[in-house]
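Naming: A, B, ... by sequence-line order, numbering from 1 per chain. Computed from heavy atoms alone, side chains included, the values below leave out hydrogens, waters and symmetry copies. Worth saying up front: this structure is predicted, and the values here are computed from it rather than measured.
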2 protein chains.
Amino acid sequence: MHQMIENKIQPLLNYISQYVELTDTEKQLLLSKVLYRKYLKGQYVLQQGDICKYECFVLKGCTKMFHVDETGQEHILLFSIEDWWTADMGSFITQAPSDFNVMCLETTELAIFHHDSIETLYKEIPKLERFFRQVIEKAFAASQKRIVRNFSLSAKDRYIYFKTQYPLIEQRIPQYMVASYLGITKEFLSKIKKQLLLDN
Amino acid sequence: MHQMIENKIQPLLNYISQYVELTDTEKQLLLSKVLYRKYLKGQYVLQQGDICKYECFVLKGCTKMFHVDETGQEHILLFSIEDWWTADMGSFITQAPSDFNVMCLETTELAIFHHDSIETLYKEIPKLERFFRQVIEKAFAASQKRIVRNFSLSAKDRYIYFKTQYPLIEQRIPQYMVASYLGITKEFLSKIKKQLLLDN
DNA sequence: TTAAAAAGTTAATCTAGTTTAACATTATTT
DNA sequence: AAATAATGTTAAACTAGATTAACTTTTTAA
């Protein structure tokens, strides 16, 4: 039973096992609640203005989470590759319209926790509450540090940090999206890269 | 028993009751683990380079959490007043040296969860794990939105947002700290305020 | 295999916000 | 009440990064 989904979401099970150990019963319950879905490149998992119904774990592929401001400019908050999460936590917990879009940059397979079933899961598998608490703690800590980096580092240093911190991501996405993630224009990132070449 | 601390940390108990309902036994257990401490204006709750041992709930007073960069510049991440939290989550969960300072801007009373006792609390009162998960979810969502605002809004608009969102905080702290929180210089904030006066 | 679309580069001009430095005002301490 | 420290203001000169626009390279699709 659930054999097919179990194979597909194996990376999620491995990931969870880094935090908590599930019994077979718990694992079966989890499998009955977690959804698997495959998206094509360019498809939206979430759109600005919609309510975020899912917390998504990336099994395979790559997504970007971004906000489009009043001037039409796109601001990328997050790239999510294998073993990372994507969702608008604010919209998910309040069930209010989201400020963010999540779009697939490659063919992407997700393990999805639906808002309607996550409470049941927490109640029936308290370990999962522990698991999510820890995952969110990590994400929150990373987010705080990013705010400070954005204040204290120059665009050049932020780029260097990004390169060293996420070398795998840089190879999978166009440069103009890196610029957006760093909060600068593609033209300026181009300038920075040229300068870094000259430095060496 | 615990009568004294119960009185002192009453605001924390009220706050928790917005999320979960504790039995009397659970409350007593909580009281036996939570610390109460009063700090004077100017005292540090946490210093950059130290390991963050506490998650602190502000019962009364006001703190700032900030990072000092290599050039000696101070970057304020967070002001915490009554019913809000302060801690370097990153350092707390990894028990690695912190990048942040937490300093009291007024005489401040804190309810303190020590790293050594929080695991026990989670185990003995699973509801508290639920409580903290929800608190952190909210903080994480706020942090993500702040990153986007910092990218998409001008300094002027960020200040207007701050004013409307945290009118009480603005009245309690010097203007140059607001500037630091917004990621701009005090001189430029001064300019912005003058311009806003002229606008009306 | 070629056209079209998407992504990246370059350089000139411009601007939001910084730096510096001098001065003004408000709190705090004696 | 005076002295000192802390906070806030103003203005001129400066700079990191944006904008605009023309161009090149790479990728995708017909």
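As a whole-Å value, the separation of B:R172 CZ from D:dT7 C1' is 19 Å. What separates CD of B:E106 from C1' of C:dT28 is a distance of 17 Å, to the nearest Å. If you take NZ of A:K156 and C1' of D:dT15, they are 15 Å apart, rounded to a whole angstrom. The interatomic distance linking B:E74 (CD) with C:dT18 (P) rounds to 16 Å, in whole Å. One atom, CD of B:Q195, and another, P of D:dT9, lie 14 Å apart when rounded to the nearest Å. In this structure, B:N150 atom CG and C:dG17 atom P are separated by 11 Å, rounded to whole Å. Note: CG (B:L105) to P (D:dA6) measures 15 Å, nearest angstrom. As rounded to whole Å, 10 Å separates atom C1' of C:dG17 from atom CZ of B:R158.
Between B:F151 and A:S180, the closest side-chain pair of non-hydrogen atoms is not below 4.5 Å.
The phosphate of C:dG17 has neither OP1 nor OP2 within less than 4.0 Å of any side-chain N or O from B:T185.
Ring to ring, A:F66 and A:Y181 are not that close: their centroids are 6.0 angstrom or more apart. For A:W85 and A:F132, the ring centers sit closer than 6.0 Å to each other. For an aromatic pair to be called close, the ring centres must be under 6.0 Å apart, and B:H114 with B:Y54 satisfies this.
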Scan nucleotides 7-13 of chain C against the protein and return all N/O pairs shorter than 3.5 Å with their distances rounded to 0.1 Å.
unit_1	atom_1	unit_2	atom_2	d
C:dA7	OP2	A:Y176	OH	2.8
C:dG8	OP1	A:Q175	N	2.9
C:dG8	OP2	A:Q175	N	2.9
C:dG8	OP2	A:Y176	N	3.0
C:dT9	OP2	A:Q175	NE2	2.6
C:dT9	OP2	A:S190	OG	2.8
C:dT9	O5'	A:S190	OG	3.1

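Judged by a 6.0 Å distance limit and a 45° cone about the ring axis, B:R37 is positioned over the six-membered ring of B:Y39.
In the model, B:N101 has no side-chain atom that pairs as donor or acceptor with a side-chain atom of B:H67 under 3.5 Å.
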